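Excluded from the calculations below are hydrogen atoms, water molecules and symmetry mates; all remaining heavy atoms, backbone and side chain alike, are included. Counting begins at 1 with the first residue of the sequence. All of these numbers come straight from a predicted model, not from anything done at the bench.
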Amino acid sequence: MTTAIETTIPAKIDHEIPGVLLQKKVQVTVVGCGGTGSAIAAGMPYLHQAMVALGHPHGLDVTLVDGDRISRTNCVRQPFSESEIGLHKATVLVTRINLFWGLGWNGVPHFIDERWGHETDILIGCVDTRAARNAITRTQTYWNCHYWLDLGNNADSGQFVLGQPENQRNKARDLRLPTAPELFPELVNAKLDKKDRLPSCSALEALERQEPFVNQTLAYLALAMLARLFRYGRLSYHGGFVNLRTGRTTSLPVDPVLWQRMRPRPADSELLKHRRRKVVRP
């Protein structure tokens, strides 16, 4: 959904995790339990166990949120069976995880809106529309969390970005990680949704429009990043770009100079609007 940017880092800069997240049970909310969200959910118990084994006192407490129900098409690209058609994705996934791992995580079979106020430390967005991503940014949960990890993809490429919303927790930080929409505003522009070719109701057409394993690739790279954050307490990168067509992966470094270059300038935005108006003028 975005384009990777070649970077040259003059000096290594690290982001440090808030100390409180190394002392308490970390509340994680995963919004969206489709192709990417289900892969994130499946990897969460491994992250939890690794954290505890490496000395974290409590590990994770995870909540899965999705109001969608399982369809026959979902059984092709997502970890659901035909016997589960009609059931809520969030409920099926969390029940499966809890039974296998002996955990007590939660599933919420509802779509979120701006009234959603579930308290969380790390908010993970695995939604497939810009409108849904925009809705996440308007929730009370977003404005109270430490981190927002956003993942998005198209047919054979995608990105994951770990950011710190400019809220009460984060706005005073010297090196606040910018969120995905701060770097790529188009990610929350709902008007662009109609231009995206999302998987259809046809299983064959869904596979033709989206490469197998793009969701899992993004999910496990993002989980590996979180694992490093909790193991070492710091990160030199806070996201990445994946292209399965070329086999290339590019990291997004912690680099304020790069962030400034990536952010769209107001003058550029106005010029782009003017050009668009000229194009459509009769």
Exercise. Regarding Ser83 and Ser81, is there a side-chain donor-to-acceptor distance under 3.5 Å anywhere?
Worked result: yes
Closest non-hydrogen atom pair, [X] against [Y]:
| X | Y | result |
| --- | --- | --- |
| Ile13 | Val254 | CB-O, 3.4 Å |
| Leu22 | Pro57 | O-CD, 3.4 Å |
| Gly34 | Asp66 | N-OD2, 4.2 Å |
| Glu211 | Asp156 | CG-CB, 3.6 Å |
| Ile70 | Cys75 | CG2-SG, 4.3 Å |

Within the supplied structure, the quantity of interest is the number of heavy atoms (other residues, nucleotides, ligands) at a distance under 6.0 Å from [X] [atom1]; does it exceed 12?
| X | atom1 | result |
| --- | --- | --- |
| Gln49 | CD | yes |
| Arg173 | CZ | yes |
| Arg138 | CZ | yes |

Exercise. After noting the C-alpha distance and the side-chain angles of Trp259 and His238, does the key distance pass the side chain to side chain contact (heavy atoms under 4.5 Å, CB included) rule?
Worked result: CA-CA 11 Å; Trp259 298 337; His238 67 113; 3.1 Å; yes
Heavy-atom side-chain contact between [X] and [Y] under 4.5 Å:
| X | Y | answer |
| --- | --- | --- |
| Gln27 | Glu119 | no |
| Leu235 | Met225 | yes |
| Arg77 | Asn215 | yes |
| Gln164 | His15 | yes |
| Asn144 | Asn167 | no |
| Arg133 | Asp150 | yes |
| Cys126 | Val31 | no |
| Asn189 | Leu187 | no |

Under 4.5 Å between side-chain heavy atoms, hopping through other hydrophobics if needed: is there a path connecting [X] to [Y]?
| X | Y | result |
| --- | --- | --- |
| Val94 | Phe100 | yes |
| Ile17 | Phe160 | yes |
| Tyr147 | Val20 | yes |
| Ile97 | Tyr46 | yes |
| Phe213 | Phe241 | no |

Distance check, rounded to the nearest 0.5 Å: [X] atom [atom1] versus [Y] atom [atom2]?
| X | Y | atom1 | atom2 | answer |
| --- | --- | --- | --- | --- |
| Leu123 | Thr139 | CG | OG1 | 6.0 Å |
| Thr217 | Leu151 | OG1 | CG | 11.5 Å |
| Phe80 | Ser38 | CZ | OG | 5.5 Å |
| Glu16 | Asp174 | CD | CG | 10.5 Å |
| Leu149 | Ile122 | CG | CD1 | 8.0 Å |
| Leu183 | Gln260 | CG | CD | 10.5 Å |

Could you tell me whether [X] and [Y] have a side-chain N and a carboxylate O separated by less than 4.0 Å?
| X | Y | answer |
| --- | --- | --- |
| Lys24 | Asp121 | yes |
| Glu182 | Arg176 | yes |
| Lys89 | Asp68 | yes |
| Glu84 | Arg96 | yes |
| Lys171 | Glu166 | no |

Test your reading of the model: is there a side-chain donor-acceptor pair from [X] to the backbone of [Y], 3.5 Å cut-off?
| X | Y | answer |
| --- | --- | --- |
| Asn170 | Pro165 | yes |
| His56 | Leu21 | yes |
| Trp148 | Ala180 | no |
| Arg130 | Glu186 | yes |
| His88 | Ala90 | no |
| Thr120 | Thr29 | yes |

For this session: For the pair Thr95 and Asn98, evaluate side chain to side chain contact (heavy atoms under 4.5 Å, CB included) and give the outcome as yes or no after the intermediate values.
Result: CA-CA 5 Å; Thr95 300; Asn98 287 341; 6.0 Å; no
Problem set entry | Candidates Leu226, Leu60, Val62 - the one meeting side chain to side chain contact (heavy atoms under 4.5 Å, CB included) with Val26 | Leu60
Seminar exercise, completed: Between Ile40 and the options Val30, Leu64, Leu93, the side chain to side chain contact (heavy atoms under 4.5 Å, CB included) test singles out Val30
Problem set entry | Gln159 and Leu252: CA distance, side-chain angles, deciding distance, side chain to side chain contact (heavy atoms under 4.5 Å, CB included) verdict | CA-CA 10 Å; Gln159 79 287 329; Leu252 176 62; over 6 Å; no
Problem set entry | His118 and Tyr142 aromatic centres sub-6.0 Å | no
For this session: Apply the test side chain to side chain contact (heavy atoms under 4.5 Å, CB included) to residues Tyr237 and Asp14: give CA-CA distance (whole Å), side-chain angles for both, the deciding distance (0.1 Å), then the verdict.
Result: CA-CA 8 Å; Tyr237 71 101; Asp14 282 350; over 6 Å; no
